[in-house]
2 protein chains.
Amino acid sequence: MAIDKKHINIRNNKEYHCPVEATLDVIGGKWKPLILWQLKEVDVIRYNKLQQNLHGVSPRMLTKQLRELEEDGLVNRKMYPEIPPKVEYSLTEFGWTVAPILEALCDWGSEYLGRQCTLGQEE
Amino acid sequence: MAIDKKHINIRNNKEYHCPVEATLDVIGGKWKPLILWQLKEVDVIRYNKLQQNLHGVSPRMLTKQLRELEEDGLVNRKMYPEIPPKVEYSLTEFGWTVAPILEALCDWGSEYLGRQCTLGQEE
DNA sequence: CTGTATCCATTAGGATACTG
DNA sequence: CAGTATCCTAATGGATACAG
């Protein structure tokens with residue numbers, strides 16, 4: 001019976017057959033977990049700094065992923081009407097709910113792939 | 001200083017700047033978390049059943065992702081020399097270490113996207 | 001049954017130049 | 001500074017057919 005219950009994603013109206021699949025559709029994608037991790041570590045970050053810390057993401061992809069995270073309600077975009085422009089990204093309250101996932105990803109990477117969690121804390 | 005320490009992945013010799021990134025390279029990919037979740041739920045599963053439960057993955061993609069998971073030591077492939085052939089997939093001991101990640105993915109999907117964890121348990 | 005091979009369409013992603 | 005626009009390649013995915 002449960003197999004017939006489906007969930008519809010806000011953004012793309014896709015149907016899911018499993019909660020893992022649903023999660024992946026929201027925070028999956030090559031850069032999204034890294035973006036979310038970054039935001040979680042530093043709270044607020046500007047576009048430029050974000051791009052640097054993701055070492056090598058193209059502006060096209062960064063913008064695309066940020067827009068999707070915004071649409072899904074995970075990320076907040078605050079624009080200051082200045083010249084030159086200033087835009088700050090941060091996690092929404094809803095965005096903070098993915099923190100346990102990010103921590104699980106980080107813990108496993110640190111423990112089993114031999115590196116510490118230092119992103120966002122480097123000197 | 002820590003920013004200079006890199007980790008090399010067994011499979012593709014890629015360098016990582018962050019443990020999250022390293023994790024994504026191993027269990028990222030569209031089907032991998034779903035495959036791992038499936039294996040975690042049912043312990044042992046045959047190729048055919050796996051393909052059915054992933055509702056729509058093509059044999060080409062399924063095989064590819066399974067091979068990579070094998071190479072990374074997460075998945076065990078047991079072949080029975082029979083006709084017709086029988087192949088069983090399961091998590092290795094190392095593979096079981098990703099369980100917390102899978103559970104975090106499932107919990108979030110269930111809680112925030114409104115569906116229960118039932119995959120692998122449907123009647 | 002468990003795949004591999006092939007062809008094709010779609011999409012994700014990278015490089016770079018440029019704009020308000 | 002914070003992105004767009006453009007062009008391009010690589011990866012993904014679907015539909016078979018077929019092999020051992």
Side-chain angles (χ1 to χ4, degrees), chain A residues 9 11-18 21 24-36 38-39 42 44-72 75-90, chain B residues 9 11-17 21 24-35 38-39 42 44-72 75-90:
Chain A
N9 176 268
R11 177 159 43 82
N12 55 17
N13 284 6
K14 209 150 84 179
E15 287 180 0
Y16 304 118
H17 303 71
C18 163
E21 191 185 1
L24 289 176
D25 206 52
V26 177
I27 67 150
K30 182 163 184 179
W31 300 101
K32 284 182 189 175
L34 296 171
I35 292 171
L36 293 169
Q38 189 69 205
L39 294 178
V42 302
V44 176
I45 195 170
R46 295 178 66 172
Y47 183 90
N48 224 19
K49 178 70 175 163
L50 193 49
Q51 188 180 5
Q52 288 165 31
N53 288 357
L54 298 183
H55 67 278
V57 63
S58 65
R60 197 175 84 96
M61 284 312 296
L62 181 56
T63 300
K64 187 164 175 282
Q65 308 267 293
L66 282 170
R67 294 285 180 275
E68 290 180 5
L69 289 170
E70 254 192 283
E71 281 186 67
D72 285 330
V75 162
N76 185 47
R77 179 173 182 270
K78 185 174 181 184
M79 225 187 112
Y80 296 84
E82 306 173 355
I83 303 287
K86 173 177 171 181
V87 178
E88 286 177 345
Y89 291 94
S90 57
Chain B
N9 175 269
R11 177 156 46 80
N12 55 16
N13 284 7
K14 209 150 82 179
E15 286 179 1
Y16 304 117
H17 303 71
E21 191 184 1
L24 289 176
D25 207 50
V26 177
I27 67 151
K30 181 162 185 179
W31 300 100
K32 284 181 189 175
L34 295 171
I35 293 171
Q38 189 69 205
L39 294 178
V42 302
V44 177
I45 194 169
R46 295 179 65 172
Y47 183 89
N48 223 21
K49 180 69 176 163
L50 193 49
Q51 189 181 5
Q52 288 166 31
N53 288 358
L54 297 183
H55 67 275
V57 64
S58 66
R60 197 173 84 97
M61 285 311 297
L62 180 56
T63 300
K64 185 164 177 284
Q65 306 268 296
L66 282 170
R67 293 286 179 277
E68 291 182 3
L69 290 170
E70 255 191 283
E71 281 186 69
D72 285 330
V75 161
N76 185 49
R77 179 174 182 268
K78 186 173 180 184
M79 226 187 111
Y80 296 85
E82 306 173 356
I83 304 288
K86 174 178 170 183
V87 178
E88 286 178 347
Y89 290 93
S90 58

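The structure presented is a predicted model; accordingly, all values stated were derived computationally and were not measured. We name chains A, B, ... by the order of the sequence lines, and we start the count at 1 in each one.
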Peer 1: Can you find a heavy atom in the side chain of B:V44 that is under 4.5 Å from one in the side chain of B:L39?
Peer 2: no
Peer 1: Please state how far atom CG in B:L66 lies from atom C1' in C:dG3, giving the value in whole angstrom units.
Peer 2: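 Roughly 11 Å, once rounded to whole Å.
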Peer 1: Side chains of A:D72 and A:D25: does their closest heavy-atom pair fall under 4.5 Å?
Peer 2: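 A:D72 vs A:D25: side chains apart.
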Peer 1: Excluding sequence neighbours, so at least two apart, what forms side chain to side chain contact (heavy atoms under 4.5 Å, CB included) with A:R77?
Peer 2: A:R67, A:E70, A:M79, A:V87, A:Y89
Peer 1: For a 4.0 angstrom threshold against heavy atoms of chain A, report the outermost contacting nucleotides of DNA chain D in 5' to 3' order.
Peer 2: D:dC1 to D:dT6
Peer 1: In chain order, what residues pass the side chain to side chain donor-acceptor pair (under 3.5 Å) check against B:T63, with sequence neighbours excluded?
Peer 2: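 Only B:Y47 meet the side chain to side chain donor-acceptor pair (under 3.5 Å) criterion with B:T63.
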Peer 1: What one-letter contact string describes nucleotides 14-20 of chain C from 5' to 3', where B marks a base within less than 4.0 Å of any protein heavy atom, S marks contact via sugar-phosphate atoms alone, and - marks no contact?
Peer 2: BBB---B
Peer 1: Between the two ends of the helix from C:dC1-D:dG20 to C:dG20-D:dC1, what is the bend in degrees, rounded to 10 degrees, where each end axis spans five pairs?
Peer 2: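 Overall, the helix from C:dC1-D:dG20 to C:dG20-D:dC1 bends by 50° from one end axis to the other.
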Peer 1: Round to a whole Å and report the spacing from CG of B:L54 to P of C:dT2.
Peer 2: 14 Å
Peer 1: Mind checking the CG-CG spacing from B:L69 to B:N76? Nearest 0.5 Å is all I need.
Peer 2: 12.0 Å
Peer 1: May I have the step-by-step check of side-chain contact (heavy atoms from CB on, under 4.5 Å) for B:L34 and B:N53, ending in yes or no?
Peer 2: CA-CA 9 Å; B:L34 295 171; B:N53 288 358; over 6 Å; no
Peer 1: Just the rounded figure in Å: distance from P of C:dG3 to OH of B:Y47.
Peer 2: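 Atom OH in B:Y47 sits about 6 Å away from atom P in C:dG3.
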Peer 1: Exactly one of A:R46, A:K86, A:E88 should register a side-chain hydrogen bond (donor to acceptor under 3.5 Å, both in side chains) with A:Y80. Which one does?
Peer 2: A:E88
Peer 1: Please classify the nucleic acid contact of A:Y89 as base, sugar-phosphate, or nothing, using heavy-atom distances under 4.0 Å.
Peer 2: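 A:Y89: backbone/sugar contact only, no base atoms under 4.0 Å.
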Peer 1: Which residue pairs satisfy the salt bridge (charged side-chain N to carboxylate O under 4.0 Å, His left out) criterion with at least one member in residues 51-66 of chain B, sequence neighbours excluded?
Peer 2: B:K64-B:E68
Peer 1: Please state how far atom NZ in A:K32 lies from atom P in C:dG13, giving the value in whole angstrom units.
Peer 2: 9 Å
Peer 1: Rounding to a whole Å, what distance do you find between B:Q52:CD and C:dC1:C1'?
Peer 2: 11 Å
Peer 1: Rounded at 0.5 Å granularity, tell me how far CD in A:E71 sits from CG in A:L66.
Peer 2: 12.0 Å
Peer 1: Is there a side-chain contact (heavy atoms from CB on, under 4.5 Å) between A:L24 and A:E21? Walk through the geometry before answering.
Peer 2: CA-CA 5 Å; A:L24 289 176; A:E21 191 185 1; 5.6 Å; no
Peer 1: side-chain contact (heavy atoms from CB on, under 4.5 Å), that's the test. Do B:I35 and B:L62 meet it? Break it down for me.
Peer 2: CA-CA 9 Å; B:I35 293 171; B:L62 180 56; 3.9 Å; yes
Peer 1: Rounding to a whole Å, what distance do you find between A:E68:CD and C:dT11:P?
Peer 2: 13 Å
Peer 1: Could you check whether B:Q65 gets within reach of a base, just the sugar-phosphate, or nothing at all, counting any heavy atom under 4.0 Å?
Peer 2: nothing
